[in-house]
Amino acid sequence: MNNNIDEYAVFGYPINHSLSPYIHAAFAKQTGQSINYQAIEVKPENFTQAVKDFFNSGGKGINCTVPLKEMAFDEVDVLSERAKFSGAVNTIKLMENGDLFGDNTDGVGLLKDLMDNLELSLAGKRILVLGAGGAARGILGPLLNSAPSSLCLVNRTESKAQALKSIFEPIGEINVSTFNNLTGSTFDLIINATSASLSANLPPLPSQILAEGGVCYDLAYSKHATAFMTWGLKEGAVTSVDGLGMLVEQAAQAFYVWRNVMPDTINVRRELAKN
Ligand code: NDP
């Protein structure tokens, strides 16, 4: 490693299509920070050793993505409050005393995109979250803290949604439902935190559950509209977007954890949206 430049990386499997190196290089240039950030393919079975090797050779911080976030949670010495609740870590920082600090910036990244970039107010809104995997765990706390009038959680495997309801009880109430039982309810904001879009699938959503003026947000991002974004537009959503904004915002929060400097995200989002 280069001794003058601080080394960072994103670990994941697969990792070849990660946009994180581009995003962090743009942040570093904009803020004048001297960092190098690379994407490293790490299989789950090699994760613990890869973390050790990276920090032993002078690395300063790691982002973890699918499927390593839960493993990263167990790997660190100290956890932020939001990481504790989410049970997943997407940002690891080497602290001065040599301990590893674990944080989860996914939830705050989503809220930044919803509230600052899309200018949505979540207070008093009826929110529906689809999915109960790692991403859902990261966003439920911040969503409950934004004072919605209700938060409903639906997952294909209902027991996982019930487990999240119990975990997040201290923060706020979650109503667990099934896809079938959604008929007749309406929501102002529907967030797709399933991975269905990654295989061009749509969760089994009934029609007419989006309120007038409602918004659809898919955590997945892709060059083309996802199946869920298309469903949202068909159901009359005023806004139906993917998770590119969240990706950039969670990266900005991770950059802040590491460098104590908050980058501006707007130009990076614009550049990525063009490609
Ligand atoms: P996980 O593998 O942890 O969870 C996947 C979830 O999707 C489970 O709840 C699973 O249900 C559900 N699911 C999968 N396929 C279907 C389907 N066909 N119909 C209904 N439900 C389905 O993944 P993550 O939580 O880590 O990621 C979820 C999504 O969020 C991904 O698309 C990922 O790219 C995106 N993401 C985006 C981020 C961003 O910055 N924009 C950050 C983090 C994630 P079950 O439990 O029944 O299997």
Side-chain angles (χ1 to χ4, degrees), residues 10-24 44 63-73 82-83 86-91 103-114 117-118 128-143 152-165 167 174 176-182 190-206 216-229 231 241-255 265 268-269 272-273:
V10 57
F11 286 8
Y13 184 75
I15 199 68
N16 45 339
H17 295 303
S18 174
L19 298 173
S20 295
Y22 171 85
I23 295 171
H24 283 279
N63 278 144
C64 296
T65 185
V66 182
L68 306 171
K69 290 182 191 179
E70 280 90 352
M71 292 182 75
F73 181 86
R82 57 196 184 191
S86 69
V89 158
N90 75 342
T91 303
D103 200 358
N104 188 321
T105 64
D106 281 343
V108 65
L110 172 67
L111 253 69
K112 279 258 162 208
D113 198 34
L114 288 171
N117 303 335
L118 299 172
L128 170 63
V129 176
L130 316 172
R137 291 179 76 113
I139 65 174
L140 286 172
L143 286 172
C152 181
L153 179 64
V154 175
N155 194 45
R156 196 171 52 177
T157 313
E158 196 187 338
S159 57
K160 285 199 209 162
Q162 291 291 358
L164 292 193
K165 175 185 169 76
I167 292 171
I174 294 177
V176 170
S177 183
T178 59
F179 282 104
N180 281 339
N181 285 342
L182 289 175
I190 304 181
I191 297 173
N192 183 19
T194 75
S195 52
S197 294
L198 301 180
S199 44
N201 287 320
L202 181 68
L205 287 165
C216 287
Y217 192 103
D218 199 342
L219 261 53
Y221 43 87
S222 95
K223 285 195 169 108
H224 309 289
T226 65
F228 176 72
M229 286 165 68
W231 175 87
V241 292
D242 72 7
L244 192 66
M246 171 181 170
L247 178 77
V248 177
E249 296 299 339
Q250 64 76 30
Q253 300 291 326
F255 192 89
T265 53
V268 180
R269 275 190 287 114
L272 283 173

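Ligands are counted one by one from 1 in listed order, and the atoms in each one are counted from 1 as well.
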*For the pair His24 and Val10, evaluate side-chain contact (heavy atoms from CB on, under 4.5 Å) and give the outcome as yes or no after the intermediate values.*
CA-CA 10 Å; His24 283 279; Val10 57; over 6 Å; no
Going by the order shown, which atoms of ligand 1 are within less than 4.0 Å of some heavy atom of [X]?
X      : result
Gly131 : 9 (O)
Ala220 : 32 (O)
Tyr221 : 41 (N)

Looking only at protein heavy atoms, which one is nearest to [atom], and how far off is it?
atom                    : value
atom 19 (N) of ligand 1 : Pro203 CA, 3.9 Å
atom 33 (C) of ligand 1 : Leu198 CD1, 4.4 Å
atom 25 (O) of ligand 1 : Ala135 N, 2.7 Å
atom 4 (O) of ligand 1  : Gly133 CA, 3.5 Å
atom 9 (O) of ligand 1  : Asn155 OD1, 2.7 Å
atom 48 (O) of ligand 1 : Arg156 NH2, 2.9 Å
atom 45 (P) of ligand 1 : Thr157 OG1, 3.5 Å
atom 12 (C) of ligand 1 : Thr194 CB, 3.6 Å

[X] side chain vs [Y] backbone, donor-acceptor pair below 3.5 Å:
X      : Y      : value
Asn63  : Asn90  : yes
Ser222 : His224 : yes
Asn104 : Ser86  : no

*Which option out of Lys160, Glu158, Lys69, Gln250 puts a heavy atom nearest to atom 46 (O) of ligand 1?*
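Among Lys160, Glu158, Lys69, Gln250, the closest heavy atom to atom 46 (O) of ligand 1 belongs to Lys160.
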*asked:* For atom 5 (C) of ligand 1, tell me which residue out of Ser197, Ser195, Ser199 has the closest non-hydrogen atom.
replied: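 Nearest heavy atom to atom 5 (C) of ligand 1 lies in Ser195.
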Are any of the N/O atoms in [X] less than 3.5 Å from those in ligand 1?
X      : answer
Leu244 : no
Ala136 : no
Ala132 : yes

*Report yes or no: do Gln253 and Asp103 form a side-chain donor-acceptor pair below 3.5 Å?*
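Their side chains do not contain a donor-acceptor pair, so the 3.5 Å distance test is not met.
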_Can you see whether Thr178 engages Asn180 through a side-chain donor-acceptor pair at a distance of less than 3.5 angstrom?_
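No.
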_Gap between atom OH of Tyr217 and atom CG of Leu110 - 0.5 Å precision_ =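 Atom-to-atom, Leu110:CG and Tyr217:OH are 5.5 Å apart.
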*Indicate, as side chain, backbone, both or neither, the part of Ala193 found under 4.0 angstrom from ligand 1 when only non-hydrogen atoms are considered.*
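Answer for Ala193: backbone.
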_Could you go through Thr194 and Arg156, starting from their C-alpha distance and side-chain angles, then the distance that decides it, and tell me whether this counts as side-chain contact (heavy atoms from CB on, under 4.5 Å)?_
CA-CA 9 Å; Thr194 75; Arg156 196 171 52 177; over 6 Å; no
*Which atoms form the tightest heavy-atom contact between Leu68 and Pro44, and what is the distance?*
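Here Leu68 and Pro44 meet closest at CD2-CA, 3.8 Å.
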_Heavy-atom pair of closest approach, residues Ala83 and Val89_ =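 Answer, listing the atom of Ala83 first, then Val89: CB-CG2, 4.1 Å.
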*asked:* Could you walk me through whether Leu153 and Lys165 satisfy the side-chain contact (heavy atoms from CB on, under 4.5 Å) test, starting with their C-alpha distance in whole Å, then the side-chain angles of each, then the deciding distance to 0.1 Å, before giving a yes or no?
replied: CA-CA 8 Å; Leu153 179 64; Lys165 175 185 169 76; 5.8 Å; no
